[in-house]
Amino acid sequence: MPPGKTAKAAMQAVAAGSGGIESLPDSVLEHILGFLPSPEAVRTCVLARRWRHLWKSATGMWVGHCDPNKLVSVEDLRNFMNHLLLLRGGATLDRCYLTFYDRRSSQDDVPHVNLWFRHLVKCKVRVLSLFLFGRSSGEPWLELHNLPLISQHLARLELQGVQVHDSLLNFSSCPALEHLELHECELSSVKKIVSESLKHLSIKFSFSPFNARICICTPNLVWLRLAHLERTPLLERMPSLLKAIIKITMICKDRCTDANYETCDCEYCDSSDSMANGNKNSVLLKGLSEAQSLALISASVMFICKRDLRWCPMFTKLKTLLLNDYWCVLDDFRALACILEHSPVLEKLTLQLGEKYLKHVEMKFRIIPIKRSAAISEHLTIVQFDCEKVNDRVLKVMKFLREFTICKQTCNAPHAFIFLTLL
């Protein structure tokens, strides 16, 4: 029966008082089945003759378990997945979530997962998630084939615990893709991530190439998160960027090998006064220069941010900025001063000082125009400290900000009397 007549018949049944789920059209039931775990959706075939084949057209597919204590291996789900995809044929999918425990007893898992992955893309899936958990250190990664994705429908792709190669991350043939997440992935052979359509990108806890940086070429990106990577990627221009969160932690191998890195003056480290000389040799900051909101968090021994400050760009759109201890070295606030001097429209600055941020000390500043320094944004009105306690570091940062021609301070925190002694 045509869909229009089915819906009309269902409406007539409801009007007649029969009601119930049986009165719903097939398209609605297929949508509902798409929210059930796939094994449960398949079991509905025994309910009645009408339900015998509805599960084959369910708009969603959920295989595996989201509870880490109940995960099933790829091998244990092979038969189910193969039969499920075979019987569904090429039925269109809206979303698909595959979650497996990666305890492989056979390398046969690799071709099976790749076959499923490619088949789902051909089913015009819009949201595709593949999560593999439980890989032990030293074990081989489950490798996705180094072939490009071709889809006019894929809008969101999430990968975890797999090895990805260069061609797969060239999304030139995926014009609808807007959201990409790579979590705990092996990216050592990836040279470039390319997408004209991508708007949301998150890469976390992933292993990057050691001898070369991944180049991220996503000019229409709106939201970016890079955290806990082995190698800081090279960012190309992102004129539409609204928010970026960058966390460079101890897992990163971008560090000076000099034994005295704290006082080193090599091409990577900074101990000179020439932080920004107009050069364009930037890895990270230049690509972030058009963000409106920016969080820069770095471990103390990392040098990428300090290195980039030698060629610090102007953050012409930046209104909200969050920095951690890395930017507030005691008795040396040149890094903080440099980025403030290059943020002409900054409105709010948040400083996370210390390993624990239990208290939020908010200070609101009023700057006297006559005494204003050209080095500070005329729009900066709020500086917030996130810290465990008001210690010597916090006081020295406040003193530096006061000397940076911030002329009046008010505070609504319990430690107000401490702040007032600086006036």
Side-chain angles (χ1 to χ4, degrees), residues 93-98 117-118 120-131 144-209 212-248 282-296 317-318:
L93 267 175
D94 182 66
R95 59 202 175 277
C96 179
Y97 302 91
L98 306 179
F117 186 78
R118 298 289 167 171
L120 293 167
V121 172
K122 288 187 177 181
C123 291
K124 301 180 181 180
V125 66
R126 291 183 59 257
V127 179
L128 178 55
S129 299
L130 174 60
F131 302 133
L144 295 182
H145 290 162
N146 191 22
L147 298 171
L149 284 180
I150 301 176
S151 173
Q152 300 294 315
H153 307 275
L154 186 63
R156 183 185 184 107
L157 177 62
E158 300 174 348
L159 300 175
Q160 177 167 333
V162 296
Q163 182 177 2
V164 183
H165 294 289
D166 214 39
S167 295
L168 183 64
L169 297 183
N170 185 337
F171 298 106
S172 302
S173 299
C174 296
L177 185 67
E178 294 187 352
H179 189 115
L180 174 64
E181 290 191 15
L182 302 172
H183 190 199
E184 295 182 1
C185 289
E186 214 287 338
L187 309 174
S188 60
S189 66
V190 176
K191 297 178 181 178
K192 203 167 188 178
I193 298 176
V194 181
S195 175
E196 292 286 335
S197 60
L198 203 62
K199 294 183 179 180
H200 184 291
L201 173 62
S202 176
I203 307 177
K204 301 188 299 179
F205 294 102
S206 294
F207 299 91
S208 307
R213 300 184 187 280
I214 295 176
C215 179
I216 296 180
C217 182
T218 51
N220 293 304
L221 206 66
V222 173
W223 192 94
L224 172 66
R225 176 171 57 189
L226 303 174
H228 313 287
L229 305 183
E230 275 196 326
R231 190 87 160 138
T232 307
L234 175 64
L235 303 184
E236 294 192 2
R237 189 178 174 220
M238 301 175 183
S240 302
L241 192 61
L242 297 180
K243 185 173 183 178
I245 302 171
I246 311 297
K247 293 184 179 181
I248 304 174
S282 172
V283 173
L284 189 68
L285 296 184
K286 185 173 178 58
L288 300 172
S289 62
E290 297 180 77
Q292 294 185 25
S293 177
L294 183 58
L296 292 172
K317 304 176 184 178
L318 188 61

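The residues of the chain are indexed from 1 along the displayed sequence.
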With heavy-atom distances below 4.5 Å as the criterion, would you say the side chains of Leu159 and Leu144 are in contact?
yes
With heavy-atom distances below 4.5 Å as the criterion, would you say the side chains of Phe117 and Leu130 are in contact?
yes
Nearest-0.5 Å distance that lies between atom CD in Gln163 and atom OG in Ser188:
5.5 Å
Show me the side-chain donor-acceptor pairs of residues 234-245 shorter than 3.5 Å, one per line, residues at least two apart or across chains.
residue	atom	partner	partner atom	Å
Arg237	NE	Glu290	OE2	2.7
Arg237	NH2	Glu290	OE1	3.3

Using side-chain contact (heavy atoms from CB on, under 4.5 Å), reason through Leu180 and Leu182 one step at a time and then give a plain yes or no.
CA-CA 7 Å; Leu180 174 64; Leu182 302 172; 4.1 Å; yes
Flag, side chain of Asn220 to backbone of Ser197, donor-acceptor distance under 3.5 Å
no
Heavy atoms, side chains only, cut-off 4.5 Å: are Leu157 and Val127 in contact?
no
Separation between CD1 (Ile203) and NE2 (His228), nearest 0.5 Å, reads 13.5 Å
Decide yes or no on side-chain contact (heavy atoms from CB on, under 4.5 Å) for Val283 and Arg213, but give the supporting numbers first.
CA-CA 9 Å; Val283 173; Arg213 300 184 187 280; 3.8 Å; yes
Is there side-chain contact between Leu201 and Ile216, with heavy atoms separated by less than 4.5 Å?
yes
Any side-chain donor paired with an acceptor under 3.5 Å for Arg231 and Ser208?
no
From CG (Leu296) to CD1 (Ile248), nearest 0.5 Å
7.5 Å
Within a 6.0 Å radius of atom NZ on Lys317, are there more than 12 heavy atoms belonging to other residues, nucleotides or ligands?
yes
Restricting to non-hydrogen atoms, name the atom on Ser195 and the atom on Pro219 that form the minimum distance, rounded to 0.1 Å.
O-CD, 3.5 Å
Look at the side chain of Asp94 and the backbone N and O of Val125, then say whether any donor-acceptor pair between them is shorter than 3.5 Å.
no
Can you tell if the side chain of Leu128 reaches within under 4.5 Å of the side chain of Cys96, non-hydrogen atoms only?
yes
How close do Leu147 and Arg118 get, heavy atom to heavy atom, and via which atoms?
O-NH2, 2.9 Å
Rounded to the nearest 0.5 angstrom, the OG-CG distance for Ser167 and Asn146 is 4.0 Å
Would you find more than 12 non-hydrogen atoms of other residues, nucleotides or ligands less than 6.0 Å from Arg126 atom CZ?
no
As a quick check of understanding, evaluate side-chain contact (heavy atoms from CB on, under 4.5 Å) for Ile150 and Phe171, giving each step before the final call.
CA-CA 8 Å; Ile150 301 176; Phe171 298 106; over 6 Å; no
Could you grab the distance from atom CD of Glu184 to atom OG of Ser206, nearest 0.5 Å is fine?
7.5 Å
When the ring planes of His200 and His179 are compared, do they come out parallel, tilted or perpendicular, using 30° and 60° as the limits?
parallel
Within-4.5 Å side-chain heavy-atom neighbours: Leu224 and Ile246
yes
Within this structure, what is the OG-CG distance for the pair Ser173 and Leu154, rounded to the nearest 0.5 Å?
12.0 Å
Could you walk me through whether Val194 and Leu169 satisfy the side-chain contact (heavy atoms from CB on, under 4.5 Å) test, starting with their C-alpha distance in whole Å, then the side-chain angles of each, then the deciding distance to 0.1 Å, before giving a yes or no?
CA-CA 7 Å; Val194 181; Leu169 297 183; over 6 Å; no
Of all residues at least two apart in sequence or in a different chain, which pass the salt bridge (charged side-chain N to carboxylate O under 4.0 Å, His left out) check with Arg156?
Glu158, Glu181
Within the 4.5 Å heavy-atom criterion, are Leu226 and Pro233 side-chain neighbours or not?
yes
His183 side chain near Ser202 side chain, heavy-atom distance below 4.5 Å:
no
